[in-house]
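Below is one structure, written out as structure tokens, with a few remarks after it.
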Amino acid sequence: MKVESVRGMRDILPEEAPLWQKLEAEIRAAFSLYGYGEIRVPLVERVELFSRGVGEETDIVEKQMYVFPDRKGLPLALRPEATASVVRAYVEHGLHATGDLAKLYYLGPMFRYEKPQLGRQRQFHQYGVEAIGSLDPALDAEVMDVAAYLMEKLGLDRKKLTLRLNTIGCREDRGPYREALRRHFLPQRADLCPDCQRRLEENPLRILDCKQPQCRSAIATAPKSLDHVCEACREHFTQVQEFVQALGIRYTLDSTLVRGLDYYTRTVFELCAEDLGAQDALLGGGRYDDLVGLLGGPPTPAVGFAGGMERLVLVLSGQGAPPGAAEPALDLYLVPIGGDAKRAGAKLLASLRRHGISADTDYMGRSLRKAMQVAGRSARYAAILGQDELARGEIKLKNLASGEEKAVGLSQFATDPALFLSG
RNA sequence: GGGAGCGUAGCUCAGUUGGCAGAGCACCGCGCUGUGGCCGCGGCGGUCGCGGGUUCAAGUCCCGUCGCUCCUCCCA
């Protein structure tokens, strides 16, 4: 019976893996440069971490979370995002007790039960940073700058990126603003799409980022959060914009940007790319000043963002030369002829590798001609070892680019291979 | 969640009004017995996504199902 992969779960094959490795390396380098340290949190958490942290009424928790009981009946979830886990770890290990700002980054698989399509899998990969412990508006700007810097390093065309920015105020502002939105939308209730009619009761903020044409006119005239936030939040947002401008980051104010997770407060932002069709959001984030307290820690402000790696891979593979087509991966490919040579060759290979020479040989019983063919496309040098060479204590090295061939002493080659392999 | 398209060899794809399952690439062998890239000849490789149905006969038509892709929704 053929067993196939689970829907929405995909393999990253060796052909594609180098692109992912490059992406991961760039992400780590960028975050390190900005002073963030890696944190690795579990893929599995208690369900209530997300239902409480991310929000009971969010799409993620309501219909996208992988939930299952363990053998003792404890309700567990595969993490749909990482911020809640990072904050849990922050609280659980008393990181707040250092009195310092915690600058953390992560990288890894997340799980959401969704309809899979290009750039959106059920197991997908996110990277992100969390700066926990400061309300400084300069920090909001730094988080946006590290995101912008990463995109630059990845070679994304700045002109094709749009940073959308908004403030949704603090917890105290939320109630009055919701009421203002309800008052605005209620008279037009019948004109709204079914989803938004429901949102009017549960979470009127979410109506703002509805894309249905029928809701558009009502949204256009809706009260803006900026006009309904308190003086402190307004001042914070003003300063955030001053820092963002000072950093030279292009952005547009978007009063309809509200984000899908309940934990956001004040600053929210999203970076979108053109040419990515319906899945154009590259990363999103903002402040979550209440989450640490909500999860049992002391009141602690925080800001961060998360981005999807699948979409970056799409963008990266669409630009520049496809990887894997160019350089031979190996320094040397050994072609032994006969049983004695094979044994001597095995010993030689082990020695070469211990000298840092990447080397391989044939295990498929290929003919000499076929083995040379494999050598020609996978290595810089072919090493031919047969009875003749063995009898003389030599090995033939062939430079596969130039075709030049020379015999060298076998034992000398084994002890100091670099001497004979130029370039 | 709603709508549409596509599943044929490892890969990219042909397959006519229903009538013997095909090509290119890759792989293996030979020409060239111990020397790669080029060329030529030959070979291996298929439950035609899966399950039903119609028919003398189904890759082809019908129904279901699974998967992928696109639009929409949501988002990363």
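Values below: all heavy atoms of this structure, side chains included; hydrogens, waters and symmetry mates excluded. Remember, predicted model here, so these are calculated numbers, not experimental data. In what follows, chains are A, B, ... by sequence order, proteins preceding strands, each numbered from 1.
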Quiz item: So what does A:Gly386 hit on the nucleic acid, given a heavy-atom distance under 4.0 Å: a base, only sugar-phosphate, or nothing?
Solution: base
Quiz item: Listed by chain and number, what are the ring-ring contact (aromatic ring centres under 6.0 Å, His included) partners of A:Tyr177, not counting sequence neighbours?
Solution: A:His228
Practice problem: Applying side-chain contact (heavy atoms from CB on, under 4.5 Å), name anything that partners A:Ala222, two or more places apart in sequence or on another chain. | Solution: A:Leu181, A:His184, A:Phe185, A:Leu208
Practice problem: Give A:Arg7 one of three labels, base, sugar-phosphate or nothing, depending on what nucleic acid heavy atoms sit under 4.0 Å from its own. | Solution: sugar-phosphate
Kindly list each side-chain donor-acceptor pair under 3.5 angstrom involving residues 340-349 of chain A, sequence neighbours excluded, with atom names and distances?
residue: A:Asp340; atom: OD1; partner: A:Arg343; partner atom: NH2; Å: 3.0

Quiz item: What does A:Gly8 touch in the nucleic acid at a heavy-atom separation under 4.0 angstrom: a base, only the sugar-phosphate, or nothing?
Solution: sugar-phosphate
Quiz item: Can you name the residues that form a ring-ring contact (aromatic ring centres under 6.0 Å, His included) with A:Tyr149, not counting sequence neighbours?
Solution: A:Tyr34
Quiz item: NA contact type, A:Gly128, heavy-atom cut-off 4.0 Å: base, sugar-phosphate, or nothing?
Solution: nothing
Quiz prompt | Contacts of A:Phe420 that satisfy ring-ring contact (aromatic ring centres under 6.0 Å, His included) - sequence neighbours left out | solution = A:Phe413
Quiz prompt | Any residue meeting ring-ring contact (aromatic ring centres under 6.0 Å, His included) with A:Tyr263, in chain and number order, not counting sequence neighbours | solution = A:Tyr288
Quiz item: Which side-chain hydrogen bond (donor to acceptor under 3.5 Å, both in side chains) pairs, counting each pair once, include a residue from residues 191-207 of chain A, with sequence neighbours left out?
Solution: A:Arg189-A:Glu201, A:Arg198-A:Glu202
Quiz prompt | Any-strand Watson-Crick or G-U partner of B:G36, both distances under 3.5 Å | solution = none
Quiz item: Which part of the nucleic acid, if any, lies within contact of A:Ile384, taking any heavy atom under 4.0 Å across all strands shown: a base, the sugar-phosphate backbone alone, or nothing?
Solution: base
Self-check item: Heavy-atom contact window of chain A on RNA chain B, given 5' to 3' at under 4.0 Å
Solution: B:G2 to B:A76
Quiz item: Checking all strands, does A:Lys115 fall into the base, sugar-phosphate, or nothing category for heavy-atom contacts under 4.0 angstrom?
Solution: base
Self-check item: Any residue of residues 198-216 of chain A with a heavy atom less than 4.0 Å from an atom of RNA chain B
Solution: A:Arg199, A:Arg206, A:Asp209, A:Cys210, A:Lys211, A:Gln212
Quiz item: What is the nucleic acid contact for A:Leu283, judged by heavy atoms within less than 4.0 Å: base, sugar-phosphate only, or nothing?
Solution: sugar-phosphate
